[in-house]
Amino acid sequence: MKKIVGILTAAAIATSVFAADVSASTKINGKLFAYENEYHNAKGELVPQATKIFTENNDSHDYANPNMTFSVSDDKAGATVKLTTDGGDKAVKMTTQTIWFKPVDALKVTVGNFDQALNKEQIKWTESAANLGGNGLLLSVNVEGFGLDFGLEKANGADWFTKKDGVDDPAILPFFIKAGYSADFGTIAGFVDFNHSGRDKIYAGHDYLFNGYGKAGYTPKDGAVTDVFFGAGYNNTFNGINVFVNALGYMADKFEWIRPEVYVAGSADALSYKLFAAPTIFLDSDWRALPANKDEDGNDRANLDLQILAYAQYALDGVTVYARFDDVNVLAKKFVSEIRFGAQGSVGGMGYNTWLQINTGKGDKLDKVDICVPFELTYNF
């Protein structure tokens, strides 16, 4: 408790001296109702059907909720610190910190946390594979619409470069080069990301592409550069409709996969919509034959997956109703998806969101459906 008081006191002094921007938010979530079908757990034990009434969580892991953010900047330098609760002990921890400065006007140096995603869908904010960043060092040059970024990733508590005596190749954590240009015709950009398999996941939407090549049975390539992840993208708005297209690929020993991504978002009066579609084409048959990548019948994974994420909402007086569909592979033999029908709005300064959620084929319940009614209450101040 003394630590928390000390942090908040120091923050209050800092805000008076440096005129920092301070924002905070809190979230309480849970479920009003849930019906779960029987399934086998990790031990192979049969878990029976269950009906549950009301659960509440106030120690959310949902990306800094509750949180407090402090930010300060001038023309030459700035910093951001984010404090959040984490875990069941509800301890306050510093989860994000960033300091940036400009030694010259055209060059910006960022140390700490940064995000340089090529283009990012705005439904779940996590499903595009074109994610660059993390914790490390970012050098950015911007001159008249042209941008060039060089980033050292995942150097949080680890040495980005290590060369041991008697070892031919150094160990190098992920790093990328990204270039882009913005003009009246839109924004085009491209990147090359090396040693991408050093990340926790190749991308968030598909956990079966883990550590670059699969959860088991893969021996990483020798050398300082083990694999290459690359892509290009275009983003623009046409008559109020936002569109982006990404084209991505991944190479290790072989050309493993390619993945186009398309995102469209627009509105017409009270109706608005968003659609994200991304086929992943797997080219390496050796990878598809690994035990971790076989389908539920023991067959090699198919050459093609198609992820679909769709969202539509309609604004009424005082409330917005919406529907969301999420399926990581609509081409799979089994229908495994998450479907939501919800309503969101506010009461005074409090925002609320509640929805009927239907999960099909969850876990080993490929012919069954789970139903629940989650809720979220948020307050920003």
When rounded to the nearest 0.5 angstrom, what is the spacing between [atom1] in [X] and [atom2] in [Y]?
{"X": "Ser128", "Y": "Arg259", "atom1": "OG", "atom2": "CZ", "result": "7.0 Å"}
{"X": "Ile308", "Y": "Leu275", "atom1": "CD1", "atom2": "CG", "result": "6.0 Å"}
{"X": "Leu132", "Y": "Gln116", "atom1": "CG", "atom2": "CD", "result": "7.5 Å"}
{"X": "Ile281", "Y": "Asn303", "atom1": "CD1", "atom2": "CG", "result": "9.0 Å"}
{"X": "Ile123", "Y": "Asp326", "atom1": "CD1", "atom2": "CG", "result": "8.5 Å"}
{"X": "Cys372", "Y": "Arg340", "atom1": "SG", "atom2": "CZ", "result": "8.5 Å"}

Hits for side chain to side chain contact (heavy atoms under 4.5 Å, CB included) against Asn113, two or more places apart or cross-chain, chain-then-number order -> Thr96, Thr98, Asn135
Only counting residues at least two apart or in another chain, list the ones meeting side chain to side chain contact (heavy atoms under 4.5 Å, CB included) with Ser272.
Ser267, Gln313
In one Ile/Leu/Val/Met/Phe/Trp/Tyr side-chain cluster, 4.5 Å: [X], [Y]:
{"X": "Phe70", "Y": "Ile99", "value": "no"}
{"X": "Phe229", "Y": "Phe114", "value": "yes"}
{"X": "Phe101", "Y": "Val143", "value": "yes"}
{"X": "Tyr263", "Y": "Ile258", "value": "no"}
{"X": "Ile172", "Y": "Leu137", "value": "yes"}

Closest heavy-atom contact between [X] and [Y]?
{"X": "Trp100", "Y": "Ser73", "value": "CZ2-CB, 3.8 Å"}
{"X": "Leu118", "Y": "Ala189", "value": "CD1-CB, 3.5 Å"}
{"X": "Thr354", "Y": "Pro374", "value": "OG1-O, 2.9 Å"}
{"X": "Ala155", "Y": "Leu173", "value": "CA-CD1, 4.2 Å"}
{"X": "Tyr181", "Y": "Glu144", "value": "CE1-O, 3.8 Å"}
{"X": "Gly151", "Y": "Leu138", "value": "CA-CD1, 4.1 Å"}

Exam field: side chain [X] to backbone [Y], donor-acceptor pair closer than 3.5 Å:
{"X": "Trp160", "Y": "Phe175", "answer": "no"}
{"X": "Asn195", "Y": "Thr226", "answer": "yes"}
{"X": "Glu261", "Y": "Ala129", "answer": "yes"}

Among residues at least two apart in sequence or on other chains, which ones pass side-chain hydrogen bond (donor to acceptor under 3.5 Å, both in side chains) with [X]?
{"X": "Lys274", "answer": "none"}
{"X": "Lys52", "answer": "Glu36"}
{"X": "Asn235", "answer": "Asn119, Asn242"}

Is there a side-chain contact between [X] and [Y], using heavy atoms and a 4.5 Å cut-off?
{"X": "Tyr352", "Y": "Val347", "value": "yes"}
{"X": "Glu127", "Y": "Phe276", "value": "yes"}
{"X": "Val109", "Y": "Pro103", "value": "yes"}
{"X": "Tyr250", "Y": "Val228", "value": "no"}
{"X": "Thr51", "Y": "Phe33", "value": "yes"}
{"X": "Glu121", "Y": "Leu309", "value": "yes"}
{"X": "Phe325", "Y": "Ser337", "value": "yes"}
{"X": "Asp193", "Y": "Glu153", "value": "yes"}

Intermediate values then yes/no, side chain to side chain contact (heavy atoms under 4.5 Å, CB included), Ile371 and Leu356
CA-CA 7 Å; Ile371 299 174; Leu356 170 66; 3.5 Å; yes
Going through the distances and angles, do Asp115 and Lys120 end up as a salt bridge (charged side-chain N to carboxylate O under 4.0 Å, His left out)?
CA-CA 11 Å; Asp115 183 359; Lys120 185 176 291 188; 2.7 Å; yes
Please say which of Asp305, Thr280, Leu304 ends up in a side chain to side chain contact (heavy atoms under 4.5 Å, CB included) with Asn329.
Asp305
Under the criterion side chain to side chain contact (heavy atoms under 4.5 Å, CB included), which of Phe341, Tyr311, Tyr273 is the partner of Tyr322?
Tyr311
I'd like to know if Lys163 and Asp169 make a salt bridge, using a cut-off of under 4.0 Å between side-chain N and carboxylate O.
no
Is Lys108 salt-bridged to Asp149, cutoff N-O under 4.0 Å?
no
Between [X] and [Y], do the side chains contain an N or O donor and an N or O acceptor separated by less than 3.5 Å?
{"X": "Asp370", "Y": "Asn359", "value": "no"}
{"X": "Gln357", "Y": "Arg324", "value": "no"}
{"X": "Tyr35", "Y": "Gln49", "value": "yes"}
{"X": "Asn29", "Y": "Glu376", "value": "no"}

Kindly check if the number of other-residue, nucleotide or ligand heavy atoms within 6.0 Å of CG (Asp74) is above 12?
yes
Using a 6.0 Å cut-off, check whether atom CG of Leu271 has over 12 heavy atoms from anything other than its own residue.
yes
Quick one, Leu148 with Ile177, criterion side chain to side chain contact (heavy atoms under 4.5 Å, CB included). Give me CA distance, side-chain angles, the key distance, then yes/no.
CA-CA 7 Å; Leu148 180 65; Ile177 301 171; 4.2 Å; yes
Please list all pairs passing the ring-ring contact (aromatic ring centres under 6.0 Å, His included) test where one or both residues lie in residues 123-158, with sequence neighbours left out.
none
Using 30° and 60° as the class limits, which term best fits the ring planes of Phe375 and Phe54: parallel, tilted or perpendicular?
parallel
Is the Phe191-Phe176 ring centre distance short of 6.0 angstrom?
no
